[in-house]
Amino acid sequence: MNEVGECLVAFLFGAIVGLVVQRSRFCNTAALRDAILFKSFRNTKALLVAMMILTIGFTGFISIGEGRTMKFDVGINQVIGLFLFGIGMVLAGACTVSTWVKAGEGNVGAVWALIFTFIGMFLFSLFWSVSYWPPAPASMTGVVDLSALQFGFANAETLQEKLGIPAIFFGLAQTLILAGIYSLILRRERLEKVNAAES
Amino acid sequence: MVTSEFFSKTLDPVIALAAIAVLDIFLFLIVGAWTVGGGETMMTGLIAQFFIGDELNRLPFWNLVFRPDAGYWKIYISLGMISGALVGSILSKEFYIRYPRRLSEWILITIGGLLMGVGIRLAFVCNVSTFFGLTPQMNLGGYLSITGIVAGAWLGSQIYRRVLEL
């Protein structure tokens, strides 16, 4: 597919996402924050369902050699980066999706958050231009490099290649774990309902 | 009518996310899984280029990691999301200009936005790729990212609670 086609597909996908997220008030920040602060799991359950469908879908297609997986080296920078992101999204009350969706609803605070996300990214580009860390995609090696705190690259595709077992089997195992977390949440909600009815 | 109900009632988030997941599988087959951070970085580069022009080339990041390119598909996911939300909120009469009321909210959003921007670039991934891309592909980076974001959200929640109680 050519560049224009890719951009059109991306826009169409984004537009549907924007519409259904706006109508459902789904928020990734709330999926984590509300579970931690209020023991409320409305968004967490939706997140888990999406992850189960995606795990089966992605690993299923990977098994037959289809799909475009993300390929880049990972390392300690993912843990630190998403740790900072996690603090930031709770403070800002929005993640990358809800900033765009709320901006579309006329929320000036969300536009403000987006502006400062861009500024944060630009500030990081200054830092990177001095440190050259984490490694740029062109200089990634795909193997463990502890001096750069990089663990290389591994996903369902590499598991399939190395072990000779179709990726879908690993995917089903991960889906079972996600389903286990989902059922724990359901059990907790049922218990709360019973407790509320008794008191 | 079904359409009027769609715009008058809140959609069950489980249904919304299941639909997004199915579409994301198609996107994965065509261009790659849903992600937002990469497009935002490209927008940052394009905006910076607009303001400072060739001076941007003095920063190796904008050559070696992200070379500003308006034809980068991930940008259009974000533009699609803001458009879809605009249409949805207008049709459901939920569109109105609203501002954070207190100074403390403005400060929290400013700090939060900066942390999100720095965090995405440091990690090479955002929350969307973490939950809707990497982890379902069983990428090691997804598990590292989830560890980080859960710990960060926990700390952020403790700060948020303190600020609310003040």
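Just so we're on the same page: letters track the sequence lines, and every chain starts at 1.
- Two residues are said to be in side-chain contact when any heavy atoms from C-beta on lie closer than 4.5 Å; A/Val108 and B/Trp106 meet this criterion.
- At least one side-chain heavy atom of A/Phe83 sits less than 4.5 Å from a side-chain heavy atom of B/Leu155.
- A perpendicular orientation is assigned to the rings of B/Phe132 and A/Phe26, their planes being inclined by more than 60° (bins at 30° and 60°).
- Looking at A/Ile53, both its backbone and its side chain come within 4.5 Å of chain B, counting heavy atoms on both sides.
- With a 4.5 angstrom heavy-atom cutoff, A/Phe61 touches chain B only via side-chain atoms.
- A donor-acceptor pair under 3.5 Å is formed between the side chain of B/Arg98 and the backbone N or O of A/Glu105.
- When heavy atoms are compared at a cutoff of 4.5 Å, A/Val101 approaches chain B by way of both its backbone and its side chain.
- For B/Thr35, no part lies under 4.5 angstrom from a heavy atom of chain A.
- Both the sub-6.0 Å distance and the 45° axial angle are not jointly satisfied by A/Arg23 relative to the ring of B/Phe7.
- Tested against B/Leu114 for a side-chain contact (heavy atoms from CB on, under 4.5 Å), the candidates A/Leu91, A/Ile119, A/Leu84 yield a single pass: A/Ile119.
- Side chains of A/Trp100 and B/Glu40: a donor-acceptor N/O pair is present below 3.5 angstrom, by distance only.
- When each of A/Asn28, A/Leu159, A/Thr59, A/Leu12 is scored by its heavy-atom pairs under 4.5 Å with chain B, the top score falls to A/Asn28.
- Using modelled atom types and a 3.5 Å distance limit, the side chains of B/Glu94 and A/Gln22 yield a donor-acceptor pair.
- Looking at A/Ala35, neither its backbone nor its side chain comes within 4.5 Å of chain B, counting heavy atoms on both sides.
- With respect to chain B, the highest number of heavy-atom pairs below 4.5 Å among A/Val4, A/Val130, A/Val97 belongs to A/Val97.
- When each of A/Phe122, A/Phe85, A/Phe124 is tested with B/Arg121 by the rule side-chain contact (heavy atoms from CB on, under 4.5 Å), just one qualifies, namely A/Phe124.
- The candidate from A/Lys45, A/Met1, A/Met51, A/Lys102 with the greatest count of non-hydrogen atom pairs under 4.5 Å with chain B is A/Met51.
- Interface remark: B/Leu27 contributes side-chain atoms only to the contact with chain A (heavy atom separation under 4.5 Å).
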